[in-house]
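The next block holds one structure in the form of structure tokens; read it before the comments.
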Amino acid sequence: MSTQLLKWAHEELADAGVASPQADAEALLAHALGVDRGEVRRLAVLGREVPDDAARAFEGLIARRAAREPLQHLTGVAAFRHLELAVGPGVFVPRPETEEVAQVAIDEAAKVIAERDGAGAVVVDLCTGSGAIALAVATEVPGARVHAVELDKDAHAWAERNVDALSAVAAGLDPGATPQDQDPPQRIVRLVKGDARTALYGIDGMADVVVSNPPYVPSDAVPMDPEVAEHDPAVALYGLGPDGLEVPRGITDAAARLLRPGGLYVMEHAEVQAEAAREMVAAARDADGRPVFGEPETRKDLTGRPRMVVARRLGTERSAG
């Protein structure tokens with residue numbers, strides 16, 4: 001019965017040190033059956049049998065999860081805010097704590113559009129990975145013109161897949177249809193393959209928001225969870241330099257170049273990097289040696305931990321012409 005199968009799976013995952021054994025067991029059984037978790041719970045209450053083929057598939061999934069393969073790699077999807085994103089080997093799995101980083105960008109973009117009586121806002125997501133932040137902004141803020149940059153070819157491929165799928169949904173098309181069945185939709189995010197530190201020169205000084213979840217883990221701070229240490233790509237984790245902030249410094253310089261005066265910069269960082277991240281942003285200078293950003297502040301994630309640095313671009317708007 002499904003109840004007994006779930007009980008066995010819960011015990012297997014708990015013994016393996018999985019943090020959420022019941023939720024993961026239900027998610028994997030739902031995946032094996034091709035239903036949602038609510039239906040799994042209903043079947044368990046009713047004591048329904050699980051078909052043999054689904055049971056075998058489920059047992060294989062539990063073995064892989066017990067070996068600490070990420071749940072999202074097994075199901076092929078990750079939840080991020082209201083989105084369901086395709087993920088797998090080669091791309092960083094978006095985390096719940098990043099949802100609040102996206103919220104700051106979303107709120108600012110919506111505010112800018114309201115102040116302009118509906119005229120668009122330009123949002124840039126640097127180191128987009130799966131496209132999570134960029135797609136959250138694009139789908140939650142009508143009128144936002146979103147640009148996303150990713151250098152790694154594997155991560156870029158995942159981002160492209162997600163952008164194409166959600167663009168099809170936004171256009172009322174079938175995201176699973178073959179290309180010849182329908183015209184390609186207009187992309188809701190402009191996705192660029194390139195170095196986040198140097199990309200998008202065509203919109204220098206035009207961005208209203210620059211948001212980034214860059215690699216920021218110091219090289220000697222190997223994550224404890226096997227799901228992260230063994231499966232998230234190193235290029236998405238380690239920010240280089242003794243403090244892990246070498247890549248974020250390049251991202252900060254890019255934000256200074258891209259933002260208009262008054263534009264907002266928000267960058268995710270590790271809990272222990274709050275002071276260093278503020279100092280990094282405060283130290284940014286323009287070609288004349290003047291500070292680029294106003295006083296940076298640290299904001300917290302949904303768990304109350306310091307998670308991001310936020311600052312506004314200094315300077316005055318250029319006159320037309």
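For the pair V189/L135, a side-chain contact is recorded, criterion being any heavy-atom separation below 4.5 Å from C-beta on. R116 is listed as a side-chain neighbour of D208, based on a closest heavy-atom distance under 4.5 Å. The side-chain heavy atoms of Y265 and V211, taken from C-beta on, include no pair separated by under 4.5 Å. Considering only heavy atoms from C-beta on, E230 stays 4.5 Å or farther from E69 through its side chain. No side-chain heavy atom of N213 sits less than 4.5 Å from a side-chain heavy atom of V101. Two residues are said to be in side-chain contact when any heavy atoms from C-beta on lie closer than 4.5 Å; H73 and R64 fail this criterion. Contact of the L151 side chain with the H156 side chain is not registered, since no non-hydrogen atoms from C-beta on lie closer than 4.5 Å. No side-chain heavy atom of P248 sits less than 4.5 Å from a side-chain heavy atom of H269.
Here the straight-line distance linking atom CG of D24 with atom NE2 of H31 works out to 13.0 Å at 0.5 Å rounding. One finds the CG atom of L13 at 8.0 Å from the CH2 atom of W8 (value rounded to the nearest 0.5 Å). Atom-to-atom distance recorded for I106:CD1 and E140:CD is 3.5 Å, nearest 0.5 angstrom. Of the inter-residue distances, the one linking I62 atom CD1 with H10 atom NE2 reads 11.0 Å to the nearest 0.5 angstrom. Taken from OH in Y216 to CG in L245, the straight-line distance is 10.5 Å, to the nearest 0.5 Å.
A salt bridge links E160 and R187; the closest N-O separation between the charged side-chain nitrogens and carboxylate oxygens is under 4.0 Å. Residues E26 and R41 are paired through a salt bridge, judged by an N-O separation under 4.0 Å between the basic side chain and the carboxylate. Salt-bridge formation is not detected for the pair E99/R81: no Lys NZ or Arg NE/NH1/NH2 atom is positioned less than 4.0 Å from an Asp or Glu carboxylate oxygen. For R260 and D204, the salt-bridge test fails: no basic side-chain N is under 4.0 Å from an acidic carboxylate O. Between R278 and E297, no side-chain nitrogen of the basic residue sits less than 4.0 Å from a carboxylate oxygen of the acidic one, so the salt-bridge criterion is not met. Of the charged side-chain nitrogens involved, at least one lies within less than 4.0 Å of a carboxylate oxygen, so that E227 and R65 count as a salt-bridged pair. We find that K111 and E115 are joined by a salt bridge, their nearest charged nitrogen and carboxylate oxygen being less than 4.0 Å apart. Using a cutoff of 4.0 Å between basic side-chain nitrogens and carboxylate oxygens, R249 and D243 are scored as salt-bridged. Under 4.0 Å is where a charged nitrogen must lie from a carboxylate oxygen, and between R257 and D286 no such pair does.
There is a path of hydrophobic side-chain contacts, each under 4.5 Å, that joins V209 to V310. In this structure, V77 is not a member of the same hydrophobic cluster as V169, with clusters built from ILVMFWY side-chain heavy atoms closer than 4.5 Å. Two different hydrophobic clusters hold V247 and M308 under the rule that ILVMFWY side chains link at heavy-atom gaps under 4.5 Å. In the hydrophobic clustering of this structure, L33 groups with L28; members are Ile, Leu, Val, Met, Phe, Trp, Tyr whose side-chain heavy atoms approach within less than 4.5 Å, directly or through other members. The cluster map of Ile, Leu, Val, Met, Phe, Trp and Tyr, joined by side-chain heavy atoms under 4.5 Å apart, puts V122 and V146 in different clusters.
When atom types are taken as modelled, the side chain of W158 and the backbone of L85 share no donor-acceptor pair closer than 3.5 angstrom. R313 contributes a side-chain N or O that, together with a main-chain N or O of A256, makes up a donor-acceptor pair within less than 3.5 Å. With hydrogens and angles disregarded, a donor-acceptor distance shorter than 3.5 Å links the side chain of Q273 to the backbone of A270. At least one donor-acceptor pair under 3.5 Å links the side chain of S212 to the backbone N or O of L126. Looking at E150, its side chain does come within 3.5 Å of a backbone N or O of G129 through a donor-acceptor pair. Judged by distance alone, the side chain of D288 and the main-chain N or O of R290 form no donor-acceptor pair under 3.5 Å. A donor-acceptor pair is defined here as one N or O able to donate and one able to accept, closer than 3.5 Å; no such pair exists between the side chain of S130 and the backbone of A159. Side-chain atoms of D225 do not come within 3.5 Å of backbone N or O of V228 as any donor-acceptor pair. Checked by atom type and distance alone, the side chain of R68 pairs as donor or acceptor with a backbone atom of A16 at under 3.5 Å. Formation of a donor-acceptor pair under 3.5 Å by the N162 side chain with backbone atoms of A86 is found in this model.
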Practice task
Begin from the C-alpha positions of R197 and D253 and carry the test side-chain contact (heavy atoms from CB on, under 4.5 Å) through to its verdict.
Solution key: CA-CA 7 Å; R197 296 168 296 182; D253 289 342; over 6 Å; no

Exercise for the section: Evaluate the side-chain contact (heavy atoms from CB on, under 4.5 Å) criterion for residues T252 and F293: first the C-alpha distance (whole Å), next the side-chain angles of each, then the deciding distance (0.1 Å), finally the verdict. Expected result: CA-CA 10 Å; T252 300; F293 294 101; 3.8 Å; yes

Handout entry: Working for side chain to side chain donor-acceptor pair (under 3.5 Å), residues T98 and E268
Key = CA-CA 7 Å; T98 305; E268 180 172 325; 2.7 Å; yes

Exercise for the section: Check the pair C127, I251 against side-chain contact (heavy atoms from CB on, under 4.5 Å), reporting the backbone distance first and the verdict last. Expected result: CA-CA 9 Å; C127 304; I251 298 300; 3.7 Å; yes

Practice task
Verify salt bridge (charged side-chain N to carboxylate O under 4.0 Å, His left out) between R95 and D232, making sure each step is shown before the conclusion.
Solution key: CA-CA 12 Å; R95 308 290 200 265; D232 275 329; 2.4 Å; yes

Handout entry: Audit row: K300, R307, side-chain contact (heavy atoms from CB on, under 4.5 Å) steps and yes/no
Key = CA-CA 5 Å; K300 298 178 179 179; R307 179 56 61 181; 6.0 Å; no

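Minimum heavy-atom separation, G120 to I113: C-CG1, 4.0 Å. A14 and P21 make their closest contact through N-CB, 3.7 Å (heavy atoms, listed as atom of the first residue, atom of the second, distance). Considering all non-hydrogen atoms of both residues, A132 and P94 come closest at CB-CB, 4.0 Å. The two atoms that bring L259 and L264 nearest to each other are CD2-O, 3.5 Å, heavy atoms only. What you find for G90 and D152 is that their closest heavy atoms are O-OD2, 3.8 Å. Between A138 and I188, the shortest heavy-atom contact is CB-O, 3.6 Å.
A donor-acceptor pair shorter than 3.5 Å can be found between the side chains of T128 and D125.
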